[in-house]
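As the structure is a prediction and not an experimental result, all values here were calculated from the model. Labels below follow one simple rule: chain letters A, B, ... track the order of the sequence lines, proteins then strands, and each chain is numbered from 1.
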2 protein chains.
Amino acid sequence: MNTQNIQGKDSMLDELSLTIRNDSGTQKLCPHNSNISCASCRLNELCLPIALNKTEIHQLDEIVERNRPLKKGDHLYRQNDEFRSVFAVRSGSFKSYVLSDTGQGRVTGFYLPGEIIGMDGIASKHYSNSTQSLEHSSICEIPFSQLEKLSHQLPNLQHHFFAIMGNEIAKDQQIHTLLSSYSAEERTASFLLGLSSRYARVSLSPTRFLLPMTRSDIGEYLGLTVETVSRIFTALQKKGLIEVNNREIELTDLEALRAIVGVETC
Amino acid sequence: MNTQNIQGKDSMLDELSLTIRNDSGTQKLCPHNSNISCASCRLNELCLPIALNKTEIHQLDEIVERNRPLKKGDHLYRQNDEFRSVFAVRSGSFKSYVLSDTGQGRVTGFYLPGEIIGMDGIASKHYSNSTQSLEHSSICEIPFSQLEKLSHQLPNLQHHFFAIMGNEIAKDQQIHTLLSSYSAEERTASFLLGLSSRYARVSLSPTRFLLPMTRSDIGEYLGLTVETVSRIFTALQKKGLIEVNNREIELTDLEALRAIVGVETC
DNA sequence: GCGATCCCTTATTCTAGATCAATAATCACT
DNA sequence: AGTGATTATTGATCTAGAATAAGGGATCGC
């Protein structure tokens, strides 16, 4: 609703974080500015509007709610909340997690700009995990009932949303394989390469970026402890494959990282 | 196409396996008979036709191809095959797997009657895994382009297919948690309980069934070795929670199994 | 019905990564 | 700028489950 009065500070933070992340140091990725329309959003070719024509994008625009930016740690929704919407990340990043009975969380996913959050709630009508902002972030909310209605009118949108969900399924199955048979080093290398190509997708450097999540988040996601993640990072650094400095990371030898994960070099 | 001439033998096998699996010993689950329509299929309330009215089911019926039954080991499709269809299991069971570079497979999923196979191919237009019959099985093939067209006409179908995909996503994320933080015993117990409720869903006994897959399949699925799966089975048996005899299994203490997995008793 | 192959179990050893512990660095708040 | 809280690193043990090995059963193909 009222999103205007925080813009000054937001833009500063935004520009700061993106300058660090971006090799060229000049381009700006989808600012936190809430007024931007799908038609003019830098992410429109990766996000929901993909494959839609101008009129269709306008129709989509109508149902998208551009919420007030989220601060680090803010929740987008919590486990068991009623499912109403899916969300598209406009800037920043998010993590999804579930709480085990022992109280400690297990991270089920990370979300970067242009990616869709919340599809786990579609079937049961309740979100099956909690999702939290990892940094100052902004989001587009798409009420699902309206998305369904619109998909019904726009075959392109239906087709594309099926594809987005199918992609999520394929990705989840890859992670299944990763967790069920890869070593700690293989998991970590694969994770870094995955981040790399996701940053590349939004035109950020694939070799130099900030990790928005903690080592502990990475560990919970990969089924490893913090200590192991940290150890693997230093080991990879010693081997000259990466350069880590706290949250800043540079992948200095993509080929070697790919070799760790498996064969395919694409 | 020509499915008639094998029916005699099929029905026998079918009845045999289902008698063993089924407590009541009388009801018959969706026979291999290929001529059955969605309207008269015993699974129509669990499978795609759910939430469709009679006219709609008839329309769905038109696009469903009822293929010749598959023998144990037959492939439904292979990794990288062009994606054309999703499949609904009518009888029998299937496993999906990917081959690692070292040649050994890793199982990514098992599919029982009423469940949908192949959604991992939707996004990339190629199947990301291979899927193989675990026993004599029959399948309904649903050409995806036609399913999309029909979904566009029938909001109910679109809604339901979104739900099916959402369910797959939620399930995959649960497995993510399972693999990243549960012990061998917890994984195994959870796996057995999962099978139990899936059998219950198709009105078979939730406490007594045949495992259609090998110990090795289970191990690959759960990220464990065959030996560990075997050991856990005998351990659970010694504790009196299950009764295993080769592929035959009885869950003799559901409560205790649930207690191993976590708290929730529902 | 018989051999070959695959599947399952059990015992023994070994290791990757967890756990425990302690310190250092960084961040968030006043 | 200072203080407490979170986050990261590194080292020393410990253990769950992998790897190896080997025998007995089931199942399949002929």
Whole angstroms only, please: what is the [atom1]-[atom2] distance between [X] and [N]?
X: Arg187(B); N: dG17(D); atom1: CZ; atom2: P; value: 7 Å
X: Ile218(A); N: dT7(D); atom1: CD1; atom2: P; value: 13 Å
X: Ile249(A); N: dT7(D); atom1: CD1; atom2: P; value: 18 Å
X: Lys95(B); N: dC7(C); atom1: NZ; atom2: C1'; value: 12 Å
X: Glu248(A); N: dC27(C); atom1: CD; atom2: P; value: 11 Å
X: Gln237(B); N: dC8(C); atom1: CD; atom2: P; value: 15 Å
X: Leu211(B); N: dC7(C); atom1: CG; atom2: P; value: 14 Å
X: Tyr182(A); N: dG17(C); atom1: OH; atom2: P; value: 14 Å

Taking side chain to side chain donor-acceptor pair (under 3.5 Å) as the definition, give me every residue that meets it alongside [X], ordered by chain and number, with sequence neighbours left out.
X: Asp217(B); answer: Lys95(B), Thr214(B)
X: Tyr97(A); answer: His75(A)
X: Thr177(B); answer: none
X: Thr108(B); answer: none

For DNA chain D, just give me the dot-bracket, please: Watson-Crick or G-U, both distances below 3.5 Å, ( ) intra-strand, [ ] crossing earlier pairs, | paired with another strand, . unpaired. ||||||||||||||||||||||..||||||

Which residue pairs pass the ring-ring contact (aromatic ring centres under 6.0 Å, His included) test when at least one of the two sits in residues 233-258 of chain A, sequence neighbours left out?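 Of all non-adjacent pairs touching residues 233-258 of chain A, none passes ring-ring contact (aromatic ring centres under 6.0 Å, His included).
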
For atom CZ of Arg247(B), is the number of surrounding heavy atoms from other residues, nucleotides or ligands below 6.0 Å larger than 12?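 Atom CZ in Arg247(B) is packed in, count exceeds 12.
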
Would you please name every residue forming a salt bridge (charged side-chain N to carboxylate O under 4.0 Å, His left out) with Lys71(A), sequence neighbours left out?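 Applying salt bridge (charged side-chain N to carboxylate O under 4.0 Å, His left out) to Lys71(A) gives Asp74(A).
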
What residues, two or more places apart in sequence or in another chain, satisfy salt bridge (charged side-chain N to carboxylate O under 4.0 Å, His left out) together with Glu168(A)?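 Result, salt bridge (charged side-chain N to carboxylate O under 4.0 Å, His left out) vs Glu168(A): Lys171(A).
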
Out of dT10(C), dT9(D), dC8(C), which has the shortest distance to the side chain of Thr234(B)?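 Closest nucleotide among those given: dT10(C).
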
Residue Ser183(A), side-chain atoms from C-beta onward, closest of dT10(D), dG17(C), dC8(C):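 Closest nucleotide among those given: dG17(C).
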
Below 3.5 Å, can you tabulate the donor-acceptor pairs from side chains in residues 185-198 of chain B to any protein atom, sequence neighbours excluded?
{"residue": "Glu185(B)", "atom": "OE2", "partner": "Lys239(B)", "partner atom": "NZ", "Å": "2.7"}
{"residue": "Glu186(B)", "atom": "OE1", "partner": "Ser183(B)", "partner atom": "N", "Å": "2.7"}
{"residue": "Glu186(B)", "atom": "OE1", "partner": "Ser183(B)", "partner atom": "OG", "Å": "3.4"}
{"residue": "Arg187(B)", "atom": "NE", "partner": "Tyr182(B)", "partner atom": "O", "Å": "2.9"}
{"residue": "Arg187(B)", "atom": "NH1", "partner": "Leu222(B)", "partner atom": "O", "Å": "2.7"}
{"residue": "Arg187(B)", "atom": "NH2", "partner": "Leu179(B)", "partner atom": "O", "Å": "3.2"}
{"residue": "Arg187(B)", "atom": "NH2", "partner": "Tyr182(B)", "partner atom": "O", "Å": "3.2"}
{"residue": "Thr188(B)", "atom": "OG1", "partner": "Ala184(B)", "partner atom": "O", "Å": "2.7"}
{"residue": "Ser196(B)", "atom": "OG", "partner": "Pro206(B)", "partner atom": "O", "Å": "2.6"}
{"residue": "Ser197(B)", "atom": "OG", "partner": "Leu193(B)", "partner atom": "O", "Å": "3.4"}
{"residue": "Ser197(B)", "atom": "OG", "partner": "Gly194(B)", "partner atom": "O", "Å": "3.2"}
{"residue": "Arg198(B)", "atom": "NE", "partner": "Glu115(B)", "partner atom": "OE2", "Å": "2.9"}
{"residue": "Arg198(B)", "atom": "NH2", "partner": "Phe110(B)", "partner atom": "O", "Å": "2.5"}
{"residue": "Arg198(B)", "atom": "NH2", "partner": "Glu115(B)", "partner atom": "OE1", "Å": "2.9"}

Mind checking side-chain contact (heavy atoms from CB on, under 4.5 Å) for Asp253(A) and listing every partner two or more places apart, or none if nothing turns up?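 Testing Asp253(A) for side-chain contact (heavy atoms from CB on, under 4.5 Å), a comparison that skips the adjacent residues, returns Leu241(A), Glu255(A), Ala256(A).
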
So, does Arg215(A) get its side chain near the phosphate of dT7(D), meaning an N or O under 4.0 Å from OP1 or OP2?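 For dT7(D), neither OP1 nor OP2 has a side-chain N or O of Arg215(A) closer than 4.0 Å.
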
Students often mix this up, so state it plainly: with edges at 30° and 60°, are the rings of Tyr221(A) and His176(B) parallel, tilted or perpendicular?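 Correct class here is tilted.
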
Per-nucleotide protein contact along nucleotides 24-30 of chain D, 5' to 3', at a 4.0 Å heavy-atom cut-off (B base, S sugar-phosphate only, - neither), is --SSS--

Can you pull out the residues from residues 223-233 of chain B that lie within a 4.0 Å heavy-atom distance of DNA chain C?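 Listed by number, they are Glu227(B), Ser230(B), Arg231(B).
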
